[in-house]
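Per chain, numbering begins at 1; letters A, B, ... match sequence-line order.
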Protein chains: 2
Amino acid sequence: MKLSTRGRYGVKAMFELALHYGGDPVSIKEIAERQNISEYYLEQLFASLRKAGLIKSVRGSKGGYILSRPPKEITIADIFGVLEGPIEISDCITQEMNCSRINYCATRILWLKISNSINEILNSTTLQDVVNDYNSLQEKTKGEGE
Amino acid sequence: MKLSTRGRYGVKAMFELALHYGGDPVSIKEIAERQNISEYYLEQLFASLRKAGLIKSVRGSKGGYILSRPPKEITIADIFGVLEGPIEISDCITQEMNCSRINYCATRILWLKISNSINEILNSTTLQDVVNDYNSLQEKTKGEGE
DNA sequence: CAAATTCCGAGTAAAAAAGTAGGATTTTAA
DNA sequence: TTAAAATCCTACTTTTTTACTCGGAATTTG
């Protein structure tokens with residue numbers, strides 16, 4: 001049970017943009033280096049995020065990307081939605097008529113419960129929360145190590 | 001963001017066994033037909049479930065499978081754990097040292113929160129719950145349609 | 001003994017994920 | 001005005017995973 005890299009890379013990259021929110025645009029190259037992600041691959045992810053309206057691009061030299069909205073208005077669900085597509089625990093929920101009648105509803109209820117509960121976390125967590133986690137971690141580890 | 005068929009088929013099949021708990025063993029063929037799953041494929045899934053101790057086999061003619069424990073003692077997490085492997089939102093959590101230092105912990109906290117919350121539902125839902133959902137659905141739809 | 005079943009290991013085709021590449025366009029700044 | 005740095009766009013390739021198939025051995029029932 002694994003999440004694809006798309007969502008993970010996407011969140012990491014968006015986190016970088018959140019850290020720089022309000023400042024200069026950040027280039028793909030920079031993010032790819034800091035997060036150790038393939039530059040070309042990340043470019044594709046950003047194309048999707050831009051088309052979905054989550055980020056804005058600034059073209060040309062000194063260009064890069066910025067968040068379209070403040071970090072607290074962008075949820076992890078927004079990012080996953082674009083990069084991973086909707087949560088489909090079972091296609092039972094979309095193409096309903098393929099299941100055998102006998103258990104159709106029993107397991108469907110289960111899939112619904114699961115996806116609802118996943119959606120709930122993803123919807124309730126914003127980029128700002130991640131930034132806050134990061135900041136409080138910085139506080140705690142101040143002075144430790146290099 | 002999609003679950004593979006393994007977990008889904010597995011739960012459906014285990015649900016069938018739960019319905020027959022206490023009775024005769026149920027054959028793969030029967031389940032495959034009722035749930036519209038490839039017989040050979042299901043056979044493989046059952047091999048894993050058996051090795052993991054969730055089900056027991058009865059060989060030979062009139063043989064089949066039965067649950068090793070009562071339905072209320074088998075969680076969806078048990079089944080998914082066997083068929084889908086552990087939830088790995090990010091390998092950050094296992095091979096910790098590959099991330100760049102700067103955000104290592106911030107996103108890791110997020111992945112932990114997400115997997116914890118998914119695990120919570122999966123752990124707290126048992127086969128018995130699914131059977132109960134099924135039964136109460138049977139009650140409600142009694143008399144409707146064929 | 002024949003039929004029904006589990007058991008086991010190997011193989012395969014299709015789909016999805018992950019990454020790569022090349023070149024056009026835009027903007028900055030020397 | 002030109003070179004460099006970036007986005008933009010489309011397509012291709014490789015790798016991995018998923019889903020499924022197959023053949024035959026072993027076990028049990030009637």
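- A salt bridge is defined here as a Lys NZ or Arg NE, NH1 or NH2 lying under 4.0 Å from an Asp or Glu carboxylate O, and Asp133(A) with Lys113(B) meets this definition.
- Across all strands, Tyr65(A) comes closer than 4.0 Å only to sugar-phosphate atoms, never to a base (heavy-atom distances).
- Summarising the geometry, the separation between CZ on Phe46(A) and C1' on dA6(D) is reported as 13 Å, rounded to the nearest angstrom.
- An OP1 or OP2 oxygen of dT7(D) is reached within less than 4.0 angstrom by no side-chain nitrogen or oxygen of Arg50(A).
- Between the CG atom of Asp24(A) and the C1' atom of dA29(C) there is a distance of 15 Å, rounded to whole Å.
- Residue pairs meeting the ring pair (Phe, Tyr, Trp, His ring centres under 6.0 Å) criterion with at least one partner in residues 43-75 of chain A, sequence neighbours excluded, are Phe46(A)-Tyr65(A).
- With sequence neighbours left out, Thr75(B) forms a side chain to side chain donor-acceptor pair (under 3.5 Å) with Asp78(B).
- When the P atom of dC9(D) is taken as reference, atom CG of Leu45(A) falls 16 Å away, rounded to whole Å.
- Rounding to whole angstrom units, NZ of residue Lys62(A) and C1' of dT28(C) are separated by 8 Å.
- Tyr21(A) pairs by the ring-ring contact (aromatic ring centres under 6.0 Å, His included) definition with nothing, not counting sequence neighbours.
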Checklist entry - Reading nucleotides 17-27 of chain C from the 5' end, what letters show protein touch, with B for base, S for backbone sugar-phosphate only, - for no heavy atom under 4.0 Å? => result -BBBB---BBB

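- Remark: Glu39(B) pairs with Ile28(B), Lys29(B), Ala32(B) by the side chain to side chain contact (heavy atoms under 4.5 Å, CB included) rule, at least two apart or across chains.
- Taking atom CD of Glu30(A) as the reference point, atom C1' of dA6(D) lies 11 Å away to the nearest angstrom.
- Here Asn116(A) pairs with nothing under the side chain to side chain donor-acceptor pair (under 3.5 Å) rule; sequence neighbours left out.
- For the pair Ile28(B) CD1 and dT5(C) P, the interatomic distance rounds to 11 Å; values are reported in whole Å.
- Checked against side chain to side chain contact (heavy atoms under 4.5 Å, CB included), Ser4(B) has the following partners two or more places apart in sequence or in another chain: Arg6(B), Glu84(B).
- With sequence neighbours excluded, no residue forms a side chain to side chain donor-acceptor pair (under 3.5 Å) with Thr125(A).
- Here the P atom of nucleotide dC7(C) and the CD1 atom of Ile55(B) are 8 Å apart, to the nearest Å.
- For Ser57(B) (side chain) and Arg59(B) (main-chain N/O), no donor-acceptor pair under 3.5 Å exists by modelled atom type.
- The C1' atoms of five pairs define one axis at each end of the helix from dC1(C)-dG30(D) to dA30(C)-dT1(D), and these two axes lie 10° apart (to 10°).
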